[in-house]
Amino acid sequence: MNITSKLPNLGTTIFSVMSALANETGAINLSQGFPNYECDPKLLDLVTQYMKKGMNQYAQMPGVPVLCQQLAKKINSLYVAEFNPATEITICPGATEAIFSAIMAFVHPGEEVIVIEPAYDCYVPSIELAGGKPVPYALRAPDWKVDWAELGKLISPKTRMIIINTPHNPLGTILDESDILALQKLVSGTDIIVLSDEVYEHLVLEKGATHCSVMRYPELRKRSLSVFSFGKTLHATGWKLGYIVGDERLMREFRKVHQFNVFSANTPMQYAIADYLEDPSVYNSLPDFFAQKRDFFLDLIKDSPFKCRPSQGTYFQVADYSAISDEADTDFAIRMTKEFGVAVIPISSFYSNKLDNKVIRFCFAKTEETLLAAAERISKINVSVR
Ligand code: PMP
Ligand code: GLN
């Protein structure tokens, strides 16, 4: 039997590969992004209550109405943007599904999607499965800034979509208002849709900075779909729950795909989250919580040869290891895991041309105990290991 792969050049995602290697070798896992501490027991109690109350059958296809209403309220208070909870918000089993279904819904075969790289790893395969053509725009160390005029040169009559991600995984950078205004100017008057990955909206760690959502800007609001993940906001990545927000005309098309991709997301957690989000401090406390972890970790490794600029957002920290080794980042990440006992992610895996900037990513969403143990191992890495 001949099998013709739809994704012939794709292997297993780097997150699975590095987590498996960490488990195999007993390394401290700072690779795949997930917290190693529990989420709020109050939230667990709410889920249990709703399960016991019998909320265990299919949710409505677009999501449980009370949760969509709660999210509409939250979005309005944070971003001064009105979205109709019945027609403009859809609850999804993770941001990954939202991204996949959005790309499937809008990208026709032969159309182009501009992807800013390094890019979260599900974007490009989803575009390819839709028959679209990823058009990469490469960010470069050490500033990782988007030059919007340069990016604009990639726009062609075939451009259907631009994907942005702020705060950015893996870089930990954020887009500011001037970035979003430049993007708005580029797409204004075109048929380009912006897919805005905002799963780290509550993890803006830079002092004085705020999350710049496309939802705030009228010209972008009508042509954008914004994607969110409860995994990040509630310290519960394993629940695989998120949502997508966008203008009704876009959402109608999105739901045509979503309904046959997954139909709906799990019911009791949707009810529980709707109640839990009544208290805004659950997400408003996140910047301080994660900034403290970032600073704790950076302070511990400040005398190591890794060069770090403090992350502006997310729970990731990138580090330049060029003072330690000139190995390829994939080899260095494997050596860090096997020899030094700390698993990390090589940034080249987020570039379609595997561009190697000699940079790796740490996840600091860990207990202080884990960060201390990891830092102790990291401190043993010095220039003599070249
Ligand atoms: N986008 C980015 C930038 C992410 O980092 C992640 C997951 N960590 C996702 C999307 C997917 O989120 P989920 O786990 O909710 O599918
Ligand atoms: N988003 C997580 C990360 O960046 C991983 C998610 C996954 O494993 N698919 O590490």
Side-chain angles (χ1 to χ4, degrees), residues 10-23 29-36 39 63 71 90-103 115-127 139 144 163-175 194-204 211 213-214 225-245 258 261-262 265-266 269-270 273 286 290 311-318 333 337 342-351 359-366:
L10 195 72
T12 304
T13 158
I14 190 71
F15 304 122
S16 302
V17 170
M18 293 313 298
S19 272
L21 191 62
N23 289 338
N29 192 359
L30 302 191
S31 64
Q32 193 178 20
F34 61 89
N36 73 338
C39 52
L71 293 170
T90 301
I91 313 297
C92 299
T96 311
E97 189 269 323
I99 292 165
F100 183 81
S101 294
I103 291 170
V115 180
I116 299 171
E117 293 188 337
Y120 186 63
D121 72 343
C122 74
Y123 306 159
V124 165
S126 304
I127 296 163
L139 298 173
W144 312 109
I163 305 182
I164 62 164
N165 172 215
T166 182
H168 189 274
N169 180 10
L171 296 175
T173 52
I174 54 177
L175 296 178
V194 174
L195 180 58
S196 180
D197 182 339
E198 304 181 31
V199 301
Y200 299 100
E201 67 173 325
H202 295 303
L203 277 71
V204 173
H211 174 57
S213 174
V214 290
L225 285 159
S226 297
V227 173
F228 302 89
S229 171
F230 292 117
K232 322 294 164 191
T233 311
L234 307 177
H235 315 286
T237 60
W239 288 8
K240 292 301 304 184
L241 213 55
Y243 55 102
I244 184 162
V245 183
H258 169 80
N261 188 1
V262 291
N266 95 65
M269 284 165 184
Q270 292 193 50
I273 294 170
L286 294 175
F290 283 111
S311 266
Q312 298 174 299
T314 75
Y315 46 48
F316 301 113
Q317 177 63 53
V318 289
T337 312
V342 180
V344 296
I345 297 283
I347 298 301
S348 67
S349 44
F350 301 103
Y351 283 98
V359 174
I360 46 107
R361 187 195 81 177
F362 296 106
C363 171
F364 56 77
K366 306 291 167 190

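Counting convention: from 1, in listed order, for ligands and their atoms alike.
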* To do: Could you check Phe364 against Tyr315 for ring-ring contact (aromatic ring centres under 6.0 Å, His included), going step by step and ending with a plain yes or no?
  => CA-CA 6 Å; Phe364 56 77; Tyr315 46 48; 7.2 Å; no
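A distance of 9.0 Å separates CD1 in Ile116 from CG in Asn165, rounded to the nearest 0.5 Å. With rounding to the nearest 0.5 Å, the separation of NE2 in His168 from CH2 in Trp144 is 9.0 Å.
Using a 4.0 Å heavy-atom criterion, the residues that approach ligand 2 are Phe15, Gln32, Gly33, Tyr120, Asn169, Lys232, Phe316, Arg361.
In terms of modelled atom types and a separation under 3.5 Å, the side chain of Asn169 and the main chain of Leu171 share no donor-acceptor contact. In terms of modelled atom types and a separation under 3.5 Å, the side chain of Tyr351 and the main chain of Leu139 share a donor-acceptor contact. For the pair Gln317 (side chain) and Ser311 (backbone), a donor-acceptor distance under 3.5 Å is present.
Counting heavy atoms from C-beta outward, Thr13 and Val17 have side chains that stay 4.5 Å or more apart.
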Ligand-protein N/O pairs under 3.5 Å (ligand 1):
residue	atom	partner	partner atom	Å
ligand 1	1 (N)	Asp197	OD1	3.4
ligand 1	1 (N)	Asp197	OD2	2.6
ligand 1	5 (O)	Asn169	ND2	2.7
ligand 1	5 (O)	Tyr200	OH	2.7
ligand 1	8 (N)	Tyr200	OH	3.4
ligand 1	8 (N)	Lys232	NZ	2.2
ligand 1	14 (O)	Lys240	NZ	3.1
ligand 1	15 (O)	Ala95	N	2.8
ligand 1	15 (O)	Ser229	OG	2.7
ligand 1	16 (O)	Ala95	N	3.1
ligand 1	16 (O)	Thr96	N	2.9
ligand 1	16 (O)	Thr96	OG1	2.5
ligand 1	16 (O)	Lys240	NZ	2.6

Return a table of donor-acceptor pairs under 3.5 angstrom between the side chains of residues 226-236 and protein atoms on other chains or two or more places apart.
residue	atom	partner	partner atom	Å
Ser226	OG	Glu198	OE2	3.0
Ser229	OG	Gly231	N	3.1
Thr233	OG1	Ser229	O	3.3

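Looking at residues two or more places apart in sequence or on another chain, you find a side chain to side chain contact (heavy atoms under 4.5 Å, CB included) between Gln32 and Phe15, Ser19, Phe34.
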